[in-house]
Amino acid sequence: MWPYPKVIAHRGGGTLSPENTLAAMQCGLDYGFAAVEFDVMLSKDGIPVLMHDPEFGRTIHGIGSVAATTAADLAIMDAGAWFSDKFIGERVPSYEEVVRFCRQHGIWMNVEIKPVPGFEEETGRVVAAMTAALFADVSVTDLSHLPLFSSFEFPALMAAKHAAPNIPRGFLMNEVTPEWRAQMQELAACALHTNHRHLTPEVAREIKDAGYGLFCYTVNTPERAKEILSWGVDAFCTDRLDLIPADF
Ligand code: G3P
Ligand code: MG
């Protein structure tokens with residue numbers, strides 16, 4: 001039911017390195033993590049890149065947006081200086097680069113499709129088609145070697161389903177809505193991903209009894225991790241690779 005690792009490094013290296021960069025993936029590896037979550041968005045020219053915020057200002061200095069910037073221009077932008085001087089020069093990686101890095105190092109991926117508003121379907125379609133091509137050599141039954149898509153955006157996941165039906169999908173919900181069963185069925189999703197802060201043991205049980213995988217974000221203390229695991233949660237991502245080991 002959950003063929004994936006239990007503890008997943010959020011945005012690559014959690015809060016220990018600049019999120020959604022190759023340095024973050026390396027940080028996860030250095031802490032012994034072989035499972036990662038990261039965010040994927042389309043550039044102006046429709047190339048999937050790793051990025052969380054649609055607007056610049058937090059991880060990328062200056063004013064501007066991902067949707068108005070080409071992948072070539074994004075690729076030379078600094079995505080590490082905001083974090084610390086040690087990471088000055090760290091770039092915005094393309095999704096393809098990160099998949100190649102992760103596959104080379106045996107890192108399993110939860111690919112969060114994070115569309116810029118208005119580009120939900122296009123982002124789902126493009127990311128899914130590229131993923132299908134990058135994993136064409138993996139059998140569709142070999143789930144632990146295929147990535148798991150997730151998204152808060154239902155239309156993005158529907159588009160991913162159409163473009164790459166054999167890449168599994170998890171539906172992300174900040175709070176589990178009353179419509180969750182119908183939505184999961186329509187997506188043919190295998191897992192529900194939700195904010196641990198709003199989850200209750202009762203809702204966790206309902207999701208597990210319905211036969212779905214259950215994933216929580218973002219759990220940063222061992223005590224809370226133990227608690228939600230005792231409710232039947234299958235896996236969670238964490239920012240604190242230093243506090244919660246990969247073999248927790
Ligand atoms: O995929 C889980 C988590 O990453 C969702 O929230 O905002 O960190 O992408 P966010
Ligand atoms: Mg994310």
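In listed order, ligands and their atoms are each counted from 1. In this chain, residues are counted from 1 in sequence order.
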Query raised in the report: Are there any protein N/O/S atoms under 2.8 Å from the Mg ion (ligand 2), and if so, which?
Result: E37 OE2, D39 OD1, E112 OE1
Query raised in the report: Contact residues of ligand 1 with a heavy-atom cut-off of under 4.0 Å?
Result: H10, R11, E37, D39, H52, E112, K114, F152, L172, Y217
Report task. Please confirm whether the backbone N or O of S230 pairs with a side-chain atom of K226, one donor and one acceptor, at under 3.5 Å? Result -> no
Side-chain donor/acceptor pairs under 3.5 Å, residues 155-170, sequence neighbours excluded:
from: K161; atom 1: NZ; to: E186; atom 2: O; distance (Å): 2.8
from: H162; atom 1: ND1; to: M158; atom 2: O; distance (Å): 3.1
from: R169; atom 1: NE; to: L187; atom 2: O; distance (Å): 2.8
from: R169; atom 1: NH1; to: P165; atom 2: O; distance (Å): 3.4
from: R169; atom 1: NH1; to: I167; atom 2: O; distance (Å): 3.1
from: R169; atom 1: NH2; to: L187; atom 2: O; distance (Å): 3.2
from: R169; atom 1: NH2; to: A188; atom 2: O; distance (Å): 3.1

Query raised in the report: Has the side chain of S151 got a donor or acceptor atom that lies under 3.5 Å from a matching backbone atom of I113?
Result: yes
Query raised in the report: Between E112 and V40, is there a donor-acceptor pair closer than 3.5 Å when you use the side chain of the first and the backbone of the second?
Result: no
**Report entry** 4.5 Å side-chain heavy-atom contact, H198 and N174
**Finding:** yes
Query raised in the report: Would you find more than 12 non-hydrogen atoms of other residues, nucleotides or ligands less than 6.0 Å from R197 atom CZ?
Result: no
Requested in this report: Sequence neighbours left out, what pairs pass side chain to side chain donor-acceptor pair (under 3.5 Å) with at least one residue falling in residues 1-14?
Outcome: H10-D239, R11-E19, R11-H52
Query - Expected output: side-chain N220 to main-chain T238 donor-acceptor under 3.5 Å - result: no
**Report entry** Under 3.5 Å donor-acceptor, D78 side chain and I60 backbone
**Finding:** no
